[in-house]
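Quick note on labels: first sequence line is chain A, next is B, and so on, each numbered from 1.
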Amino acid sequence: MYNVAKDVRREIQVAVAAAIVSSELAADAGGYDAHEVPVEITRDKSHGDFATTVAMALAKRLGRPPRRIAEAMAPALQAACGNTRYIERIEVAGPGFINFHLSRAWLEDTIRAIHSAGSAYGTSNAGDGMRVQVEFVSANPTGPMNVVNARAAAVGAALANILKAAGYDASTEYYINDAGNQVAVLGESVELRYRQLQGESVEFPERCYQGAYISDIAREAHAEHVEMLKTMEPDERSRFFREFALARMLGSQKRSLSRFGVDFDVWFSERKLVEGGAHQEMLRNLRKRGMVYEKDGAVWLRATDFGDDKDRVLVKSDGEFTYLAGDIAYHKNKLDRGFDLIIDIWGPDHHGHVVPTRAGIQALGYPGKCLEVLLLQFLSILSGGERVKMSKRAGEFVTMDDLLDEVGRDAARYFMLMRNIESHLDFDLELAKRESQENPVYYVQYAHARICSIFRQAEENGIRVAGAGEADLSRLAEEIELDIVRKLAAYPDEIATSAAERAPNRLAKYALDLAGLFHSFYNSCRVISDDAGLTSARLALSRAVGIVLRSCLDILGISAPERM
RNA sequence: GCGCCUGUAGCUCAGUGGAUAGAGCAUCUGACUUCUAAUCAGAGGGUCGGGGGUUCGAGUCCCUCCAGGCGCGCCA
């Protein structure tokens, strides 16, 4: 009984379906499958605990007003209440809602369910074990991790956790762009700085990476390999700088991500893909399917067959593969690994690649819906009320490490997650640092710390903390107490919805709302009092809130401190 | 020109076709002899960018217009 709301929903669905069949509506409605009955937790508790809009949904089919339909079902439903565990009474309201008022049993069962499920509470099999890969960040290894990467990291990691909690078989992947031209430019940039360090007067072209980190790597190369470098031939030396710079950049990126608390199941190297001949294989496959043709010395993909507005070049007239070809080969590789669904998180500047890439996998014979691309909007950093100017080319970017130094992991994570992914995010550095009521991350963490504090206090006072099974939960009678349990009961739904909508921000909002309810409760009700029975019940409630808050914070990648 | 995203309270934003559109901040008024005041209680504040449409019902879906951001390479 981990998910009481689900049991309630089922009970209502069965009762409604039975009511339709046994009422005068049966002739017109025909059979009605219980699973089709829409049941939702009401937003406003004056409308009862749950409600169905089935009467509105049937209005068209039956050709009568929804309110009449609801009224026709009401007697049978009311009569059926006696046979259910949870439904106490029903009422028809508004344009045709049927509201279900439940007995307290469902709230008390919810608390007990949370205690027995512990950290597993909230999980479901909504995703039905679907194999999903989430690929995110995948930055070019040509500069340090920056704040845009940080948003992608926070969102991707949280999304993967949410999918897992909702019953998807999710794994995370980082694509290392180690094969492209930009790695050569990176090596060249470091080598030129190195030569400048040696006193040579060489020009540093604009196409090279301008950031100070390039010189840092050059200094490291000098410190560690100066003797060896002296003996190298020019070609050999260029190769050395390319590999050395690449290794240093990757190391630095992994270190930053790890500081941020984000790790990946798979680090996938583009170079390995190229060396394995994936591009040629893809091309052979497309040729066999008649999906490519030659024109102007290039090889073109028939992308227009799949909704693109023009065909796309896969092999340039100089014989090189395009970026798109690499992307298609990579996605073919992913799908061949057995994933049912690939979710890519890209920047909005790549949105033009979505249709061509999908066309590519469709041309290879995969359904287009295997690939879902989430376009994560960029963010601005605000400092002193001003937008901090960032330019990738000039190497002027607020780095992930700067952000971690400034505001810390938890605040950074929360701020990255609080917005809808397709909304621009203004990240206010001063606000994220402030330890005050303006800062939502501390608000949530503080609720958790408070709960821990209550249990410490209980222990010091020698109060025996009973399990939820023993506590007399009927003692919870305050409105705020019941509001909290209603919120806790909605948690599994909340995770499932966040997963289905790919919306981690929903869970961040949920955590904030739950914390708010708890703070309100804390200020109006004493948990530990002379009344042992009431104390026991309130401790059980507090523990349930603590379990759910911790679960939310874990999923979002934020720590749940025991003291603050 | 075409495509994608955004437009909701002074500010930042929630809001899976449902009932009287919500929260935080900011502003104002109150609450620490208390299990943590990084907290709470209360107040004010809205033509959901404009206009059409779809239907029992639209902030939500469709069309159109306006405003802002981004993208439209045999670059990556």
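Taking the P atoms as reference points, B:rG59 lies 23 Å from B:rG24, given to the whole Å. Comparing the C1' positions of B:rG18 and B:rU39 gives a spacing of 35 Å, expressed to the nearest Å. Annotation: B:rC25 and B:rA38 have their P atoms spaced 14 Å apart (nearest Å). For the C1' atoms, the distance from B:rG51 to B:rC66 is 11 Å, rounded to whole Å. Using P as the reference atom, B:rU34 and B:rU29 are 25 Å apart when rounded to the nearest Å. Taking atom P in both B:rG50 and B:rU60, the straight-line distance is 10 Å, to the nearest Å. Here, B:rG68 and B:rG52 have their P atoms 24 Å apart, quoted to the whole Å. Between B:rA26 and B:rC11, the distance separating the two C1' atoms is 7 Å to the nearest Å.
At the heavy-atom level, A:A55 lies nowhere under 4.0 Å from the strands shown. Using a 4.0 Å heavy-atom criterion, one finds that A:A93 contacts the bases of the nucleic acid, with or without backbone contacts as well. If you check every strand for non-hydrogen atoms under 4.0 Å, A:A51 touches a base. Nucleic acid contact for A:R506: sugar-phosphate only, since backbone atoms but no base atoms lie under 4.0 Å from a heavy atom of the residue.
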Contact string for nucleotides 69-76 of chain B, one letter per nucleotide 5' to 3', B = base within protein heavy-atom range under 4.0 Å, S = sugar-phosphate only, - = neither, reads SBSSSBSB
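Side-chain contact of A:D531 with A:S529: a donor-acceptor pair under 3.5 Å is absent, judged by distance alone.
One interatomic measurement links the two molecules: CZ of A:R43 to P of B:rG17, which rounds to 11 Å at whole-angstrom precision. In this structure, NZ of A:K45 is placed 17 Å from P of B:rA19, rounded to the nearest angstrom. To the nearest angstrom, C1' of B:rG18 lies 15 Å from CG of A:L58. Atom-to-atom, CZ of A:F415 to C1' of B:rG24 comes out at 11 Å; the value is rounded to the nearest Å. A:I463 places its CD1 atom 12 Å from the P atom of B:rC35, with the value rounded to the nearest Å. Atom OH of A:Y522 is separated from atom P of B:rA38 by 10 Å (rounded to the nearest Å). Look at CZ on A:R419: it is 15 Å from P on B:rU6, rounded to the nearest Å. The distance between atom CD1 of A:I421 and atom P of B:rA14, rounded to the nearest whole Å, is 11 Å.
A salt bridge is defined here as a Lys NZ or Arg NE, NH1 or NH2 lying under 4.0 Å from an Asp or Glu carboxylate O, and A:R207 with A:E188 meets this definition. Salt-bridge check for A:E479 with A:R486: failed, with every basic side-chain N at 4.0 Å or more from each acidic carboxylate O.
In secondary-structure terms, RNA chain B builds stems of at least 3 consecutive Watson-Crick or G-U pairs, each pair having both distances under 3.5 Å, at B:1-7 with B:66-72, B:10-13 with B:22-25, B:27-31 with B:39-43, B:49-53 with B:61-65.
Taking the side chain as every heavy atom from C-beta outward, A:W346 and A:H351 never approach each other to under 4.5 Å. Counting heavy atoms from C-beta outward, A:V545 and A:F521 have side chains that stay 4.5 Å or more apart. A:Q445 is listed as a side-chain neighbour of A:S559, based on a closest heavy-atom distance under 4.5 Å. Between A:H331 and A:D344 there is a side-chain heavy-atom pair separated by less than 4.5 Å.
Checking the phosphate oxygens (OP1, OP2) of B:rA41, a side-chain nitrogen or oxygen of A:S520 falls inside 4.0 Å. Residue A:R450 has a polar side-chain atom (N or O) positioned under 4.0 Å from OP1 or OP2 of B:rA37. Contact annotation: A:T53 side-chain N/O to B:rG57 OP1/OP2 distance is not under 4.0 Å.
Closest to the side chain of A:E422, out of B:rC5, B:rU16, B:rU39, is B:rC5. Here the nucleotide nearest the side chain of A:N505, chosen from B:rA14, B:rC56, B:rU12, is B:rA14. Checking B:rA38, B:rA19, B:rG15 against the side-chain heavy atoms of A:Y442 singles out B:rA38 as nearest. Listed candidates were B:rA14, B:rA19, B:rC4. Nearest to the side chain of A:H47 is B:rA19.
A:F518 does not carry A:R450 over the face of its six-membered ring by the limits of under 6.0 Å from the centre and within 45° of the normal. Geometrically, A:R9 does not engage A:F50 in a cation-pi contact, judged by NZ or CZ lying under 6.0 Å from the ring centre and within 45° of the ring axis.
Atom CD of A:E71 is surrounded by more than 12 heavy atoms from other residues, nucleotides or ligands within 6.0 Å.
With centres under 5.5 Å and a plane angle under 30°, the ring of A:F97 is stacked against the base of B:rA19.
Relative ring orientation between A:F321 and A:H279 is described as tilted, the plane-to-plane angle lying within the 30° to 60° band.
Place A:M56 and A:C525 on RNA chain B by their nearest nucleotides, and A:M56 ends up nearer the 5' end.
Partners of A:Q13 under the side chain to side chain donor-acceptor pair (under 3.5 Å) rule, at least two apart in sequence or in another chain, do not exist in this structure.
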